Amino acid sequence: RIMGRWRQGRPPRTFTAIVPARGGSKGIPGKNLWQHGGITLLERAIRLGLSAPGVERVIVSTDSADMQQIALQSGAECPALRPVELATDSATTAAVVAHVLDAFNVTSTDLLLLQTTSPLRTRQDLASFLATYLQSGAPAAASVVRCDEPRPEKLKKIADGKLIPYLAHGYEGPRQALPQPYALNGAFYAIRQDVFRREGRFLPDGTVPFEMPPERSHNLDSPTDLAILEAMLAAGK
């Protein structure tokens with residue numbers, strides 16, 4: 001239905017979903033192969049992409065032969081392993097995606113980035129995200145979550161042994177008087193392919209937000225994040 005509405009009087013839009021899955025994660029070793037209910041984070045991301053309206057391809061970029069095999073068995077494409085220079089800690093997601101576009105002949109009008117580290121997002125979240133993006137006419141969209149504390153205006157840094165405002169001007173008043181901040185939650189990014197090729201980034205000027213609730217915005221970057229996730233799942237959240 002989403003794509004059908006978009007096609008009324010306009011060219012069709014198609015998506016290639018890209019799932020980055022580096023084998024050498026240091027924050028949480030083996031993170032992409034962590035399982036819940038017998039399903040790895042990598043498989044969850046692939047299944048989500050395959051279920052999405054308008055997605056014609058799901059491509060996994062990995063340097064791991066094990067994850068390549070999982071990707072192929074799960075219905076994704078993974079024609080070759082990622083080059084060594086794109087499997088380092090310093091390699092950016094944008095560089096990985098640029099390699100996928102050139103190496104695997106991606107012709108879709110739009111790109112959907114599905115990182116493995118947002119296991120609580122749902123199919124309905126993704127469908128609503130894509131609808132928001134397509135209906136906005138914007139060049140890109142990104143999912144966000146409200147960030148109530150700490151407010152950036154209240155953050156501090158240490159310089160020469162002294163505590164000073166992190167921003168140019170500190171703030172000591174009530175947070176209710178400040179603009180509501182939002183944080184990228186890492187669940188979804190979408191962008192027109194031509195815009196990504198021109199800009200080389202996922203957040204060009206004019207990017208629209210898609211707000212998600214905190215309970216589905218948990219992102220895995222550290223062992224503490226994983227412990228929190230396991231506690232949430234054990235509590236039936």
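Quick caveat, the model's predicted, so the values are computed rather than measured.
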Worksheet item: Would Ser90 and Thr88 count as having a side-chain donor-acceptor pair, cut-off 3.5 Å?
Response: yes
Worksheet item: If you take all heavy atoms of Val208 and Ala138, which pair is closest and at what distance?
Response: CG1-CB, 3.5 Å
Item to complete: May I ask you to test the Ile191-Pro204 pair for a side-chain heavy-atom distance under 4.5 Å?
Response: yes
Worksheet entry | Shared hydrophobic cluster for Met67 and Leu72 (ILVMFWY, side-chain gaps under 4.5 Å) | no
Worksheet item: Is the shortest distance from a Lys or Arg side-chain nitrogen in Lys162 or Asp160 to a carboxylate oxygen in the other one below 4.0 Å?
Response: no
Worksheet item: Does the Arg201 side chain pair with the main chain of Leu203, one donor and one acceptor, at a distance under 3.5 Å?
Response: yes
Worksheet item: Are Gln180 and Asp148 linked by a side-chain donor-acceptor pair shorter than 3.5 Å?
Response: yes
Item to complete: Would you check if the side chain of Arg121 reaches a backbone N or O of Ser118 as a donor-acceptor pair within less than 3.5 Å?
Response: yes
Discussion item. Please check: side-chain N/O of Ser51 versus main-chain N/O of Leu48, any donor-acceptor pairing under 3.5 Å?
Written reply: yes
Item to complete: Dump the intermediate steps for side chain to side chain contact (heavy atoms under 4.5 Å, CB included) on Leu126 and Thr122, then the final yes or no.
Response: CA-CA 6 Å; Leu126 178 52; Thr122 67; over 6 Å; no
Worksheet item: In terms of hydrophobic clustering (I, L, V, M, F, W, Y; side-chain heavy atoms under 4.5 Å; direct or indirect links), are Phe188 and Val195 co-clustered?
Response: no
Fill in: Donor + acceptor pair across side chains of Ser128, Gln124 (<3.5 Å)
yes
Worksheet item: Yes or no on side chain to side chain contact (heavy atoms under 4.5 Å, CB included) for Phe202 and Leu113, after CA distance, side-chain angles and deciding distance?
Response: CA-CA 9 Å; Phe202 279 92; Leu113 180 64; 4.0 Å; yes
Practice prompt. Could you tell me whether a side-chain N or O of Thr62 sits under 3.5 Å from a main-chain N or O of Ser64, the two making a donor and an acceptor?
Written response: yes
Discussion item. Are more than 12 heavy atoms, taken from residues, nucleotides or ligands other than Leu163, located less than 6.0 Å from that residue's CG atom?
Written reply: yes
Practice prompt. Ignoring hydrogens and angles, tell me if any N or O in the side chain of Glu43 forms a donor-acceptor pair with the backbone of Thr40 under 3.5 Å.
Written response: yes
Item to complete: Show the numbers, then the answer: is there a side chain to side chain donor-acceptor pair (under 3.5 Å) between Ser108 and Glu56?
Response: CA-CA 8 Å; Ser108 304; Glu56 60 181 5; 2.5 Å; yes
Worksheet entry | Side-chain donor/acceptor of Gln115 to backbone N/O of Gly186, under 3.5 Å | yes
Worksheet entry | Reported CD1-to-CG distance for the pair Ile59 and Asn105, which is rounded to 0.5 angstrom | 9.0 Å
Practice prompt. Look up atom CZ in Arg198 and atom CZ in Phe196, then write down how far apart they are to the nearest 0.5 Å.
Written response: 12.5 Å
Item to complete: Could you tell me whether the side chain of Arg146 and the main chain of Tyr182 form a donor-acceptor pair under 3.5 Å?
Response: no
Worksheet item: Should Glu153 and Arg151 count as an ion pair when the cut-off is N to O under 4.0 Å?
Response: no
Discussion item. Taking side-chain contact (heavy atoms from CB on, under 4.5 Å) as the criterion, tell me which of Val106, Thr93, Leu101 meets it with Ile18.
Written reply: Leu101
Item to complete: Measure the shortest side-chain to side-chain distance between Leu111 and Val97 over non-hydrogen atoms and say whether it is less than 4.5 angstrom.
Response: yes
Worksheet item: Step by step, would you call His36 with Glu230 a side chain to side chain contact (heavy atoms under 4.5 Å, CB included)?
Response: CA-CA 9 Å; His36 176 64; Glu230 290 175 333; over 6 Å; no
Worksheet item: Any ion pair linking Asp125 and Arg123 (charged N to carboxylate O, less than 4.0 Å)?
Response: no
Item to complete: Evaluate the criterion side chain to side chain contact (heavy atoms under 4.5 Å, CB included) for residue pair Thr109 and Phe15; output intermediate values, then yes/no.
Response: CA-CA 6 Å; Thr109 59; Phe15 288 85; over 6 Å; no
Item to complete: May I ask you to decide if Ala45's main-chain N or O and Thr116's side chain share a donor-acceptor pair within less than 3.5 Å?
Response: no
Discussion item. How long is the straight-line distance from OG1 of Thr16 back to CG of Leu112, given to the nearest 0.5 Å?
Written reply: 9.5 Å
Discussion item. Both conditions, 6.0 Å and 45 degrees, for the charged tip of Arg13 above the ring of Tyr133: are they met here?
Written reply: yes
Worksheet, complete the sentence: So CG of Leu233 and CG of Leu120: to nearest 0.5 Å the spacing works out to 6.0 Å
Worksheet item: Is a salt bridge present between Lys31 and Asp225, judged by a nitrogen-to-oxygen distance below 4.0 Å?
Response: no
Worksheet item: Has the side chain of Arg82 got a donor or acceptor atom that lies under 3.5 Å from a matching backbone atom of His99?
Response: no
Practice prompt. Would you please test Arg22 and Asp63 for salt bridge (Lys or Arg N to Asp or Glu O under 4.0 Å) and show each step?
Written response: CA-CA 6 Å; Arg22 189 166 68 93; Asp63 59 317; over 6 Å; no
